[in-house]
Every structure is written in C-alpha cells, then in structure tokens.
Amino acid sequence: GVPRILAIFTSEGIQGECQIFTKYHPDREILDNERILQEIRSRCQGIEIVGDAGATTTAEAAEKIRDEESRIDGLLLFGTPSDELLSLGLPIVAVYPLWGQWMCPFSPNEGRRVLTSFLPVIPDNDSRLFESRLDDIAAKVRLIGVLSRLKGLRVLVVTDRPVLGEYEPMQIQVDGDRDAYERRYLANLKETLGVELVDIRQRVLVERMNQVQEADAREVAQRWISQAKGLKGTNEEEVVKSARLYLAMKALLEEYDCQAITTEGYTVFQYYEGGPIPSQGLPSSQLCTEGIVATSETLIDSLVTQQIGLLATGSTGFNGDYLIDPFNEIAIVGHCECPFNPFGDDRRVPYVIRNLPLWEEGKGGACVQVDLPVGEAVTVVKVSVHDRKMSLFTGTTVSGEELFAGWDDILCRTKVAIKTRADILFRNVDWKTFGNHRVVFFGDHREKFRQLAVLMGFDVVEDDADPCEAKISRA
C-alpha cells in the first residue's frame with residue numbers, strides 16, 4: 001500500500017522568548033505548522049502524510065500510535081524524540097524547529113533509527129537555503145517510503161538446497177552451524193525488513209521451461225540478438241534455451257505472486273540431476289532491465305541490496321563477485337548478468353551475448369558481456385541481513401582493458417573496474433559478514449544508502465574509510 005507517515009508537532013510558531021520579533025518585524029513570515037505540512041506533502045508525492053498541525057506532546061503521540069488501527073510506517077517529528085516514541089521501533093525523521101523551541105536535548109540519535117534535519121520557523125534570508133532545508137526533510141521522508149515499499153516483498157527462491165541456497169552463506173559465514181545462521185537470518189528478514197521467501201524446487205522451473213512455446217522463446221531470443229553487438233562462443237539455439245528460461249521465470253513470478261526472483265546458477269545448473277539447465281545470465285539481465293530484481297545463485301543478501309537500491313535509485317544495480325587490487329588502486333565486481341540500463345533509466349549500454357565461463361562453447365545457454373561505461377561515479381553496497389549491517393564505498397569506473405589485456409575474457413563475462421581507496425578496502429574487507437559479492441549502483445548514492453541503513457536499524461560500515469577515521473555508524 002501507500003506509505004503512511006505520521007506528522008507530529010511539539011510546538012507552534014515561534015517560542016515565547018521570540019515574541020518580540022513579531023512586534024519589530026511585522027512583515028517577516030513566521031511559519032505555521034499547516035504551511036510546513038503543505039510544503040512537505042508537495043515534495044512527497046506517493047506518500048500519505050497523516051496527522052494534524054496542532055501541537056501535542058510526544059507521550060500523547062505515542063499513545064495515539066499504539067491505539068491507531070491503521071498502519072503507520074514512520075514518523076515525521078518536529079521536536080526531540082522521546083523514549084516513548086523511540087520504543088515503538090518506527091523509523092523517524094526528527095526535525096529541530098529552530099526559533100520554535102530550545103534545542104536541548106535534540107541530538108543525532110542515529111542508533112535509534114532516527115535521521116535529523118533542521119527547519120527555522122523564521123525562514124532564512126537565503127531562499128535557496130531555506131528550500132534546501134525543506135528538500136532535505138522530504139528526501140528523508142521518502143526514504144521511509146522506500147522501506148515501507150520493501151515490506152511485503154515476496155521473493156521466489158528456486159533451489160533444491162536449504163532456502164538460502166548454495167553460494168552464500170559461505171562456510172566462513174556460518175561458523176559450522178548453518179541451521180542457526182539461517183534461523184537468525186530469516187527472522188531478521190521478516191521482522192526487520194518485512195520480506196518473505198517463497199521457495200520452490202528446481203524441477204518446477206524446468207517443467208515450466210519445457211512448457212514454453214518454441215515460437216515465443218525464439219521471438220525473445222531474436223530480439224536479444226538483434227539488440228546485441230554480436231555473439232561470441234554461443235549461437236542462436238543456445239540463446240533460445242535461455243529465452244525459455246526467461247519466460248518460465250516470468251510465468252512463475254506471476255503464479256506465485258512474487259515481485260523478485262533468484263535461482264541457482266552456474267555449476268548448480270550445469271550439474272543439475274535432470275540435465276543441465278541453461279544459463280540464467282540473459283534472463284536475469286532482461287528482468288533487471290525491466291525493473292524486476294532477478295539475482296542469480298540464490299544470493300539473498302545481494303537481492304535485498306538490489307531491491308532496496310531499485311526502490312531508492314531506480315536501478316537494480318549490478319551484482320557480482322568482489323575482488324580488490326591495491327596495486328592498481330581498483331576494486332573489481334564481475335558476474336555473467338547485468339541490466340542493460342545500469343543507470344535505471346532509458347539509457348542503454350552495448351552488450352555481447354556469450355557462453356558461460358567453464359562451459360564448452362556452443363553449450364549451456366547464453367549470458368552477457370555488458371560494456372559498462374567508464375568515468376562514472378559508482379556506489380558499491382552490500383547488506384548483511386544476518387548481522388544487520390551494510391557495507392558501503394564509492395569510486396569511479398575505469399577501463400579494465402587498459403589494466404589487463406583481454407579483460408573481457410578473464411573470469412566473469414561482465415566486469416567493472418572501480419578506482420577507489422583499494423588499500424583501505426583490503427584492510428577493511430569482511431568476508432565473514434558480507435560474503436563474496438557486492439552490488440554496484442551507478443551514481444554517488446553514499447549518503448542515501450547510509451541514511452537508509454540508519455532507518456533500517458543497521459550498522460553502516462564505510463569500507464573506504466581509514467580505520468583511524470572511525471567511519472562506522474552504529475544502529
């Protein structure tokens with residue numbers, strides 16, 4: 001449903017000590033709460049901001065929320081969050097109304113799912129600065145909307161393993177007790193994020209794939225081929241196989257009422273007991289291009305990261321294996337699928353249809369080598385649902401071919417090289433918490449993801465920060 005944010009005001013107009021201001025400056029505007037609500041609502045289309053403009057106490061507001069029958073997804077509070085409000089566990093945007101009340105004890109409070117902002121009830125002389133304050137509040141309210149829209153997500157997981165699948169968590173992540181890891185993981189996923197996993201066996205996918213009409217699959221395959229730069233190591237018949245898989249994945253999403261999907265892949269598909277399953281590289285790439293997160297290898301942490309990114313940035317991002325090369329000052333992320341619109345808009349990038357690594361050419365379906373743009377700012381993110389943490393760093397894409405000849409034929413078919421503080425990344429790398437994969441979003445979204453993590457109640461680990469800079473935000 002539509003996100004519902006409750007607005008709470010703990011004061012009205014200017015504080016008593018400022019009353020003389022209106023006597024000597026009768027023409028100056030004093031913001032009333034109704035005007036503030038109007039300004040924020042106009043900037044938050046698609047979000048229902050409920051509540052009235054009258055002043056109340058936080059204790060009264062907390063009691064009202066407990067009695068509220070309708071869903072409340074978060075709070076927009078003008079004043080200091082009280083223990084009563086914080087105990088509700090809702091994400092809060094707390095705004096200090098400058099000149100409306102004394103500041104003490106207003107403080108960051110980020111460890112309690114709180115983001116802060118500042119709005120003077122006597123507007124700034126600089127109108128652009130004042131507008132930026134309103135924009136800042138609205139942007140943070142919209143982030144609560146992101147988390148609201150995440151709730152209720154149903155993810156179709158296609159695996160014959162336990163529901164988290166084959167590739168992650170890795171052995172170093174589970175401390176020898178995968179069952180305990182999975183129990184905690186699934187509890188956090190449901191209770192903290194409101195996400196549900198719907199698991200089915202691989203035979204269901206294979207059966208649905210075999211039901212796809214030849215003409216339908218060939219139509220999809222020919223469209224992919226016509227839009228590609230070319231084919232390398234594969235052929236049209238292999239592309240048709242992956243087109244069958246794509247149509248089966250779409251059908252199963254609808255049948256199970258799910259909004260995102262993850263399958264096994266790579267060697268699990270290669271050695272499936274019923275015979276090899278064609279590559280999900282092209283299907284996943286197409287679905288992500290359409291705005292449907294379709295992570296390979298049952299990488300649930302990556303899928304959650306991608307879904308949050310999709311809601312926050314408009315792009316599913318590019319998920320892949322993570323490597324660090326301090327000598328070249330780069331991080332590398334690579335996989336065999338990637339959206340054809342990495343910016344999440346109408347801009348498309350070139351791609352080549354290829355066979356999977358490890359597979360003999362002309363077999364195994366088809367994946368993609370997407371030529372990602374260089375010279376672009378990127379944000380690299382990974383959520384750990386189990387540990388309630390988010391890792392984060394930024395950089396600029398550079399040419400991999402200029403660093404290693406034959407770049408496109410090394411490991412994964414699609415790769416991105418990112419100029420960044422790689423020596424510090426290596427010092428801070430945490431495989432146990434975050435596994436072997438990271439998600440790349442084009443654009444500098446560092447602050448947006450950091451703020452989302454705070455609202456989620458997750459610790460933020462900024463991997464490119466020198467340990468001496470103490471860049472960990474505790475939730």
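All values below were derived from every heavy atom in this structure, side-chain atoms included, with hydrogens, water molecules and symmetry-related copies excluded.
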Let me see the working for Lys432 and Asp430 under salt bridge (charged side-chain N to carboxylate O under 4.0 Å, His left out), right down to the final yes or no. CA-CA 5 Å; Lys432 186 177 188 305; Asp430 184 355; over 6 Å; no

Yes or no on salt bridge (charged side-chain N to carboxylate O under 4.0 Å, His left out) for Asp135 and Arg43, after CA distance, side-chain angles and deciding distance? CA-CA 7 Å; Asp135 291 342; Arg43 290 167 166 79; 2.7 Å; yes

CA sep, side-chain torsions, deciding dist, call: Gln307, Leu150, side chain to side chain contact (heavy atoms under 4.5 Å, CB included): CA-CA 8 Å; Gln307 187 70 35; Leu150 182 66; 3.7 Å; yes

Side chain to side chain donor-acceptor pair (under 3.5 Å) between Thr295 and Gln306: does it pass, once the steps are laid out? CA-CA 8 Å; Thr295 312; Gln306 290 183 271; 2.7 Å; yes

Please step through salt bridge (charged side-chain N to carboxylate O under 4.0 Å, His left out) for the pair Arg133 and Glu39, ending with a clear verdict. CA-CA 11 Å; Arg133 294 178 187 268; Glu39 292 286 352; over 6 Å; no

For Ile418 and Val440, run side chain to side chain contact (heavy atoms under 4.5 Å, CB included): C-alpha distance rounded to whole Å, both residues' side-chain angles, the deciding distance at 0.1 Å, then the answer. CA-CA 10 Å; Ile418 303 163; Val440 181; 4.2 Å; yes

Hey, mind stepping through Met249 and Thr263 against side chain to side chain contact (heavy atoms under 4.5 Å, CB included) and telling me if it holds? CA-CA 9 Å; Met249 290 165 70; Thr263 66; 4.1 Å; yes

Is there a side chain to side chain donor-acceptor pair (under 3.5 Å) between Thr267 and Tyr167? Walk through the geometry before answering. CA-CA 10 Å; Thr267 53; Tyr167 292 94; 3.0 Å; yes

Given Val380 and Val439, is the side chain to side chain contact (heavy atoms under 4.5 Å, CB included) satisfied, shown in steps? CA-CA 5 Å; Val380 183; Val439 183; over 6 Å; no

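Of all heavy-atom pairs between Val2 and Gly46, the closest is CG1-O, 3.3 Å. Scanning all heavy atoms of the two residues, the minimum distance from Pro373 to Val349 falls at CD-CG1, 4.0 Å. Nearest heavy-atom pair across Leu6 and Gly51 is CD1-CA, 3.8 Å. Of all the heavy atoms in Asn109 and Val114, the pair that sits closest is O-CB, 3.4 Å. Taking both residues in full, the closest heavy atoms of Pro91 and Ile144 are given as O-CD1, 3.8 Å, listed atom of the first, atom of the second, then distance. Here the closest heavy-atom approach between residue Asn188 and residue Arg388 is recorded as ND2-CG, 3.8 Å.
Two residues are said to be in side-chain contact when any heavy atoms from C-beta on lie closer than 4.5 Å; Arg178 and Pro169 meet this criterion. Contact check for Val155 versus Tyr256: no side-chain heavy atoms found under the 4.5 Å cut-off. Side-chain contact between Asn341 and Asp346 is absent, with no heavy-atom pair separated by less than 4.5 Å. Looking at heavy atoms from C-beta onward, Leu452 lies out of side-chain contact with Phe458 at the 4.5 angstrom threshold. A heavy-atom distance below 4.5 Å is not found between the side chains of Val416 and Ile332.
Between Lys140 atom NZ and Ile40 atom CD1 the span is 11.5 Å, to the nearest 0.5 Å. With values rounded to the nearest 0.5 angstrom, Ser391 atom OG is found 11.0 Å from Phe449 atom CZ. Within the model, atoms CD1 of Ile137 and CZ of Arg142 stand 11.5 Å from one another, a figure rounded to the nearest 0.5 Å. Considering CG of Asp466 and CD1 of Ile424, their distance stands at 4.5 Å, rounded to 0.5 Å. Between atom CD1 of residue Ile5 and atom CD1 of residue Ile92 there is a gap of 11.0 Å, rounded to the nearest 0.5 Å. Considering CZ of Phe441 and OG1 of Thr305, their distance stands at 7.0 Å, rounded to 0.5 Å.
Taking a cutoff of 4.0 Å between a charged side-chain nitrogen and a carboxylate oxygen, Arg149 and Asp73 do not qualify as a salt bridge. Taking 4.0 Å as the cut-off between side-chain N and carboxylate O, Lys382 and Glu168 count as a salt-bridged pair. Under 4.0 Å is where a charged nitrogen must lie from a carboxylate oxygen, and between Lys389 and Asp387 no such pair does. The existence of a salt bridge linking Glu63 and Arg66 is excluded, since no basic side-chain nitrogen approaches an acidic carboxylate oxygen closer than 4.0 Å.
Between the side chain of Arg113 and the backbone N or O of Val454 there is no donor-acceptor pair closer than 3.5 Å. Proximity of a side-chain donor or acceptor of Ser87 to a complementary backbone N or O of Glu84 within less than 3.5 Å is detected. Judged purely by atom type and a 3.5 angstrom limit, Thr379 has no side-chain atom pairing as donor or acceptor with the backbone of Thr394. With Arg4 contributing its side chain and Arg71 its backbone, the two residues share a donor-acceptor pair below 3.5 Å. Within the 3.5 Å criterion, the main-chain N or O of Trp407 finds a donor-acceptor partner in the side chain of Glu401. Not a single donor-acceptor pair under 3.5 Å links the side chain of Asp325 to the backbone N or O of Glu329. A donor-acceptor pair is defined here as one N or O able to donate and one able to accept, closer than 3.5 Å; such a pair exists between the side chain of Thr10 and the backbone of Phe78. One N or O on the side chain of Gln259 and one on the backbone of Asp257 form a donor-acceptor pair closer than 3.5 Å. Remark: the backbone N or O of Asp301 is paired with a side-chain donor or acceptor of Tyr185 at under 3.5 angstrom. Counting only distance, with no hydrogens or angles, the side chain of Glu337 and the backbone of Gly281 share no donor-acceptor pair below 3.5 Å.
A side-chain donor from one of Gln451 and Glu447 sits under 3.5 Å from a side-chain acceptor of the other. With no hydrogens or angles considered, a side-chain donor-acceptor pair links Glu60 and Thr56 at under 3.5 Å. A side-chain donor from one of Asp321 and His437 sits under 3.5 Å from a side-chain acceptor of the other. Under the 3.5 Å distance criterion, with hydrogens and angles disregarded, no donor-acceptor pair is assigned to the side chains of Asn355 and Thr234. A donor-acceptor pair shorter than 3.5 Å cannot be found between the side chains of Ser107 and Tyr96.
For the salt bridge (Lys or Arg N to Asp or Glu O under 4.0 Å) criterion with Asp464, the lone passing option out of Arg427, Lys419, Arg446, Arg421 is Arg446. Exactly one of Val378, Thr397, Val333, Thr414 qualifies for a side chain to side chain contact (heavy atoms under 4.5 Å, CB included) with Leu372. That residue is Thr414. The side chain to side chain contact (heavy atoms under 4.5 Å, CB included) test with Leu75 is passed by exactly one of Leu86, Thr58, Leu85: Leu85.
Checked against the 6.0 Å centroid threshold, Phe106 and Phe118 count as a close aromatic pair. Checked against the 6.0 Å centroid threshold, Tyr351 and Trp224 do not count as a close aromatic pair. The distance between the ring centers of Tyr181 and His386 falls below 6.0 angstrom.
Counting heavy-atom neighbours within 6.0 Å of Lys363 NZ, excluding the residue itself, gives a total of 12 or less.
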